[in-house]
Structures are given as C-alpha cells and as structure tokens.
Amino acid sequence: MLRLRPCVSIRNIYFTRRSKLLSPLIPSLPFFKSPSFLRTHTLSLNPISSMSSSRPSAFDALMSNARASAKKKTQPQPKSNSPKKRKTLDHPQNPDKTLNSVQSPQTDESKKLINTSDSSNEPKSEPNSRSDSLLKVNQSKKLRVEDKNAGLKSKIVLLKKKAGDFKPEMVANWEKGERVPFIFVSLAFDLIANESGRIVITDIVCNVLRTVMDTTPEDLVVVVYLLANKVAPAHEGVELGIGEALIIKALAEACGRTEKEVKKQYKDLGDLGLVAKASRSSQSMMRKPDPLTITKVFNTFQQIAKESGKDSQDKKKNHIKALLVAATDCEPQYLIRLLQTKLRIGLAEQTLLAALGQAAVYTEEHSTPPPHIQSPLEEAAKIVKQVYSVLPVYDKIVPALLSDGVWNLPKTCSFTPGVPVGPMLAKPTKGVSEIVTKFQDMEFTCEYKYDGERAQIHYLENGSVEIYSRNAERNTGKFPDVVAVISRLKRPSASSFILDCELVAYDREKKKILPFQILSTRARKNVVMNDIKVNVCIYAFDMLYLNDQPLIQEELKVRREHLYSSFQEEPGCFQFATAITSNDLEEIQKFLDAAVDASCEGLIIKTMNKDATYEPSRRSHNWLKLKKDYMENIGDSLDLVPIGAFHGRGKRTGVYGAFLLACYNSNNEEFQSICKIGTGFSEQVLEERSDSLRSQVIPKPKSYYRFGDTIKPDVWFEPKEVWEVKAADLTISPVHRAAIGEVDPDKGISLRFPRLVRVREDKSPEQASSSEQVAEMYNAQKHNHPNNQDDNDDVDN
DNA sequence: TGTGACTGCCC
DNA sequence: ATTCTGC
DNA sequence: GCAGAATGGGCAGTCACA
C-alpha cells in the first residue's frame, strides 16, 4: 500500500528526475480558471439556486437528436457490432428522486494533491421544491453551458479527419492554456466507440492529442493517461481498488436508485457505463457543479487509489459520486468505464502509442524525419511503440516527445535498468511439425516451459535488486529469497544485469518442482525470509542487459552465452532452463515429453540467430510455445453439461457470456459443477447455444445439482446439452464439486484454462464425463501421485 | 476475532 | 491464461 | 498477424461487519 505517485517513488527518482516537472501529480504549472460563462458560481452563492434543475429534458432530447443526426451524416451506420446496436433501455424509475448530497470526503492534506482550479463547491441536496423564476435563470445559464457543449459536439466529428486535413484549433472550444474539459475526451470516446477501423480510431486519437498539444500541452500527460486508462505506470503499484460492486453502490446512491435496480439494468445493458448514462438523464433536480476537466478526473482517480484503511470504501465511493454529480452528457458513461478499466471502444495501448507518434509528427518543431523515411507517420508510430516497450512510462515519454520530438525519442528515452520492460511472449503452436515448418532451416532451441511466475530481475551497480512480474508489477517484496539467491549466485563479472526467468515452487527435500497452485499460496507483501513456506527455484532463460550494455538487440545465442557465464547454478535455487538445440522432429517430440514429465507445461521454441533479438512485450514469431493441450487429440478433454449461465457483457450483451458446467456422477445421479466456461465459442456458436439453452431455463437449480454456495448463475438450465471442453490441468477447487469425496473428502475438482471445443450433439447428459473419470484424470497428473519418483533428468547442452 | 465479499494479479 | 474477430 | 475484447481458476490482501 501507499505506493502511489507515478514516477516519484524514492526508489525511482533516479530514473525519473526529469519527469517530475511534468508529472500530473505535481502540477507545477499555473492553474487556469474556467471562463466565467462556464461557471455557475454566481448563483451558487445563493442557497436556493441549488434547487435548480439540471434536467431540461426537452432540451436534452433536442441535443441528443442533433447529435444523432450529426453522427448519421458522417458515418453511414455503425453496423452489427453488438455493443453499438444495443436494444433500447429500460426506462429508469423514480425520476423525481433527488441526488443525495455528496460531501467531499477530502482531507486537508488530500486537497493539496488535487488541482483545485476547477473544483466546485459541492451542492447540498435540496428537496424537490422549486421556484419557477430561479429555475428559469438557471436554465438559461445551463443553456449557455449546453450551448458550448453543443458547439463542441457538432465539431467533434472533425476529429475523424485525416491528420493532414486537420488543424488542432478546429475542435477546441476552450482557450489556450485552459484546462482541457473532460467532455472533450468523452465525446472523443463516443466518436471512437462508433468506429471499428483501427486507422480511423488512430486518426481520432491523434487529433485529440494534437488538439491538447495545441491548447494545453501541460495536460498532455493526463490525456494520455486517460486514453491509456491508467493511473500510473504498472510498476508503481497504484491500484484504484474499486470494482463492479463498489461502482454499483456509488451509481445507485448517486442516482437515487436501489442497488437491485442498478444490477438488473446492468444485466440488461451489459455495461455499467450505459447504466450510468441511462440513469443520469432520469434523475437529479440539481444544479451541476462546474464542468469536469481531465485533470480533475485524473486527480480524483489518484485520490481514489490513495484511500485505504477504515472507511476507505465509503471515501472511494464518495469520490465516484462526486464525479458523477458533475458529469454531463456521455461523461458518466466514460467515467464509469474508466473506473472499471474497461473502455471497450476499440482503443487500447497500441493504438494510443501509434497515435502519439503520429501526433508528434504533426507538431514537430524539433527535428525533421531522417531523410530516407518513406512514411513518417508509420515510422513515428513504430518509434513510439518501440520506445514505450522499453520504457513504459508516459511521464517520461510524453515530456520527451514535447521537448525533443519523436525522432529524438530513442535517444531521450531508452532502456533503463530499474524500469521493467514488457517481457517477450510466445505464440501458441499446435504441434512439433508446425514448429519445424515455421523455423524451416533456421537454428532454433527448445526450452522447458516452467509452470511458475515470470520474473524480470534487475540488478543494479549498487547491488540493489528489483523483481518485476510479467505485467510489470514490482514483486520485490514477495521474493526476498530470490533477491538473496541472485546476489549470491551471480558471478563477480556481472555487475549489473536484467535477467528473464521463471520462478517455480520447489521442494528442496524431494528435489522436485511443485505445481503452480502451490506457488500461488506464497505471501505477497513484505515477506520476511524466515517466514517463507514455499521455496522457489529460479529458472533463468534470458539476459536483457549486462554490465551497462543492453543485450536486447543481440541474438539469443549471444544473450544466452552471457547468461551462462554470469551465474553459478545451484540445483533447486538457480538453474538455467533446460534446453536442447535440435531440428529433429522426433527428438523434439521426446523433449516435449520429457518436459511434461519434469512437471513443465511444455516447450518454448526460439530461433538462435535469425530474428533472434529480444522483442519486449511482443508476441513474435520468434518465440513459439508448445503445450500438450494445444495439440489436437492430445491433452485433457472432457464432455460436460451446461447447467447454468451468466449474462454476457459488452459485446456479449444479449447472449450468455459464460456457462456453468458439470460432470455427471452416475452413482448418486448428481451433476457436479466443475468449472465455468466463456471462451472457445465463435459468435455464431455462442448465439446458437444461448438460443437453445434459453428455452431450457428453470427457476431453480435441480435438487441433484451440486455446486458451491458462492456460485450464483443468472439462470439455471435443465441438463440437456453436452459440450466437449479442453483444459490444461485439473485442480483441487475451493468452489467446485466435481468428484467430491473421491480425491478430497470435501473439495471438488476444477479445470485450468477451460475452453469449448465443440458441442457433442451425439451425447446425452448422462453420458457426460463421470466423476470417476474426472478423479482419474486428476490422479493421472504426474505431480498428484503421493510418492513421486525421483525424476531429475537434466538435459544440458 | 473471525468471516465473507470484493479486488487485483498470477496463471 | 485461451480464443475469436475485424481490419 | 495485430490489436482488442470477450471469457476461465484461484490465490492473498483488504475491509466491512457480525
């Protein structure tokens, strides 16, 4: 906890000094007042004024019509894409309920952190009584704000222009230097949501960025964070700590509805953002506080992240409510989606990075593109992506972009030990033959794929060590033992390095690898060496940096040599990933079997020379992964019965999003839940199954359904269908009940990575996989044998 | 002090 | 994690 | 093939509340 501010933790200050200047958290820049016509201040001094309405519904309707028609002009028709062609909404009830008062929960201290330039005096809630004349006054003020928004709305489509035809002053309706209004970003989100083409989306985002660069460059970092839907770089460990449940609460309270109603509408609409949208227009007799700015929103997000301890949930909730109260138009929708970290508009990091690169080209005052470049836009996008993959810190990249330009970006922002880079990933492969085909005549190596936790270990000159997870979370506090081992077993020749490895639970007495599930029971925070119950072996397979030199541009062959010569192996503590170099199909097949036999998931296959650089965070052709369960007719496959389902969200709105599956216990004729399943369906199959099963809905689970009491499907079914499902593993489950009593007295079995293979039209539910079979399959898994043989067959090369 | 709901992060 | 889909 | 968005099991940590 308390790891909060992007980029300014003490530990990181060394790398981020420069960025402090522009860190969104430390607004060193003057704050700008909203122009007076945007404010409702004058009236708000009068207590009665807060009774005014913010819902001139006729006007709203007018506006949304205008907007809708404006949209139609510019775009033919957003087609069948599901979230976009959603059915009409339930009409929310209780239009007359007033908003609860939203007290700002900020402490004096927290206020300091907030940029209060746009803060509002939070209105107290008032009874529904109205004064007509005051209403009029307020409505006319409101009109002016709406007017201004209307202007923005009508111009927002200009963001779709190709960058060459776009001028940054085309859309902005705020003054230069003024804080960027949140409505601008929200409208842009809305625009993007109605596009499906990545190119157009990139253009829009590019133009959004250019607009901000032109008016309020100080806000650029913040816009970028919002567009990225992040609050801080991953390794800073800033968590919002809010989820669905809390948002529902906040939404209910802010709109004067019950949680039950909100939940119901959530089921129908498949998106809490849409619920917020639908709710907003249906309530609130209140005057709006000042319009939201992006800094206000962003700073509030950080406040939310910061709340902890007693009453923190209430405080977080109140922050959300405060934002909702101030939100207009589509703002609530995107506020909620941002809080959920599910923007769902077809915009994510890669597109943002591309747009950032392109935007920089258009605002380039610093340098011209290098001469031979064919397409500066593409090249710039590439550069930004590349740089971000190596230094995923917007607080550094954005300022560098502003001050020195894209073409200098690789120089101004580069690989920095202490900042985690995205680990290189591998693509699934269906079999050995596919590998041999793909890598043809290249030299390649196969390594065991260990079933543990990915770790990127940074060792700096000064002897300090940091450990980062696959998702760039700082895990150092979880693995003090690893820190010690690394320091002990590194060779003196290695004075600084970045190591890529897998941390695997290990039983040092029996000298064997333990399953992932054991590893995951390790404590995670502030672990003390003596308290460690699950030991870990480091399986190292790559080296990204050594003695002040980045190695990522080097071939694997070279990197591996550096790796091998930089550490001393010690069984059960630090080992190099078992590897062979072979292109013999049968040999590889054997090696795969050996890997599985050694409690590994399968193999990772990597080219040694050609295309053998380390490509941070990219799933590249260069690395392939091969697991038994990827192969057809191999791996655990079960025939299971859908006995319940959950309503889909987002693009699954209107169909079931996931199903509860069961195996069949023929002894007591029970269907025992074994897992949920939500992947492997094509859209068509999902729709077919949803349609088919909708007619099998029953009001209550059958008496002969056995399932954990925390499992609450939205609907239950008659046992009718049988689906073939593939899984990577079977695990003892705290919630499922399959084969209960057969391998564990009161725990059932579940599946790891379940996915649909096909529907077994030929089978009846009683012919589904039986509990005995499930138990058998579980027991067949090597590590589940009570007395495991010693099987350390280290292949080396 | 214990429990359960919720959240984030591993896979 | 796995999988599917539009571009 | 990329990028995005659906979805899985299961663990520790946190917080509200009994």
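In what follows, chains carry the letters A, B, and so on, assigned in the order in which the sequence lines appear, proteins first and then strands, with residues in each chain numbered from 1. No hydrogens, no waters, no symmetry mates; every other heavy atom, side chains included, goes into these values.
In this structure, A:K478 reaches neither bases nor backbone, as no heavy-atom distance under 4.0 Å exists between it and the strands shown. Among the heavy atoms of the strands, none lies under 4.0 Å from A:K726. A:D629 comes within 4.0 angstrom of no nucleic acid atom, judged by non-hydrogen atoms across all strands. Counting non-hydrogen atoms under 4.0 angstrom, A:L519 reaches nothing in the nucleic acid. Counting non-hydrogen atoms under 4.0 angstrom, A:R198 reaches a base of the nucleic acid. If you check every strand for non-hydrogen atoms under 4.0 Å, A:L686 touches nothing. Residue contacts shown for A:L347 are limited to sugar-phosphate atoms, with no base heavy atom under 4.0 Å away. A:D729 comes within 4.0 angstrom of no nucleic acid atom, judged by non-hydrogen atoms across all strands. Backbone-only engagement by A:S520 is indicated by non-hydrogen atom pairs under 4.0 Å involving sugar-phosphate atoms exclusively. Using a 4.0 Å heavy-atom distance criterion, A:L751 is classed as a sugar-phosphate-only contact. When heavy atoms are screened at a 4.0 angstrom cut-off, A:I518 is found touching no nucleic acid atom at all. Among the protein residues, A:R524 comes within range of the nucleic acid bases, having at least one heavy atom under 4.0 Å from a base atom. When heavy atoms are screened at a 4.0 angstrom cut-off, A:K249 is found touching no nucleic acid atom at all.
Contact check for A:I435 versus A:K438: no side-chain heavy atoms found under the 4.5 Å cut-off. Using a 4.5 Å cut-off on side-chain heavy atoms (C-beta onward), A:S733 and A:V735 make contact.
Checking C:dT3, B:dC9, D:dC15 against the side-chain heavy atoms of A:S312 singles out D:dC15 as nearest. The side chain of A:S308 lies closest to D:dC15, out of D:dG10, D:dC15, C:dT2. Here B:dT7 is the nucleotide among B:dT7, D:dG10, C:dT5 with the atom lying nearest to any side-chain atom of A:E244. In this structure, of C:dT5, D:dA5, D:dG10, it is C:dT5 that holds the atom nearest to the side chain of A:S682. Of all nucleotides listed (B:dT7, B:dC11, C:dG6), C:dG6 comes nearest to the side chain of A:E683. The nucleotide whose nearest atom lies closest to any side-chain atom of A:K651 is, among D:dA6, D:dG10, D:dG9, D:dA6. If you check D:dA16, B:dC11, D:dA5 against the side chain of A:K310, the one that comes closest is D:dA16. If you check D:dT14, D:dG10, B:dC10 against the side chain of A:S750, the one that comes closest is D:dG10. Taking only side-chain atoms of A:L240, from C-beta outward, the nucleotide of D:dG1, B:dG8, B:dC10 with the closest atom is B:dG8. With distances taken from any side-chain atom of A:K627 to the nucleotides B:dG8, C:dT2, D:dG8, the minimum falls on C:dT2.
Aromatic rings from A:Y656 and A:F717 are positioned such that their centres are separated by under 6.0 Å.
A:T679 has no side-chain polar atom (N or O) that falls below the 4.0 Å cut-off from OP1 or OP2 of D:dA6. For D:dA6, one of the phosphate oxygens OP1 or OP2 lies less than 4.0 angstrom from a side-chain nitrogen or oxygen of A:R344. When the side-chain nitrogen and oxygen atoms of A:K316 are compared with OP1 and OP2 of B:dC6, none of them lie within a distance under 4.0 Å. Phosphate proximity of B:dC10 to A:N475: present, with a side-chain N or O under 4.0 Å from OP1 or OP2. For the OP1/OP2 pair of D:dG4 and a distance below 4.0 Å, the side-chain nitrogens and oxygens of A:K342 include no atom meeting the criterion.
Atom CG of A:N229 is separated from atom P of D:dA3 by 18 Å (rounded to the nearest Å). Taking atom CD1 on A:I732 and atom C1' on D:dG10, their separation rounds to 13 Å, with Å as the unit. Atom pair A:K712:NZ and B:dG4:P shows a separation of 11 Å (rounding to whole Å applied).
Shown here is A:N526, whose CG atom has no more than 12 heavy atoms of other residues, nucleotides or ligands within 6.0 Å.
Of the listed residues (A:T202, A:V205, A:L209), just one forms a side chain to side chain contact (heavy atoms under 4.5 Å, CB included) with A:L356, and that residue is A:L209.
Mapped onto DNA chain C by nearest heavy atom, A:L756 and A:I199 fall at different nucleotides, with A:L756 at the one closer to the 5' end.
In this structure, CG on A:D451 lies 6.5 Å from CG on A:D729, to the nearest 0.5 angstrom.
The cationic group of A:K676 lies under 6.0 Å from the six-membered ring centre of A:F646 and within 45° of the ring axis, placing it in a cation-pi geometry.
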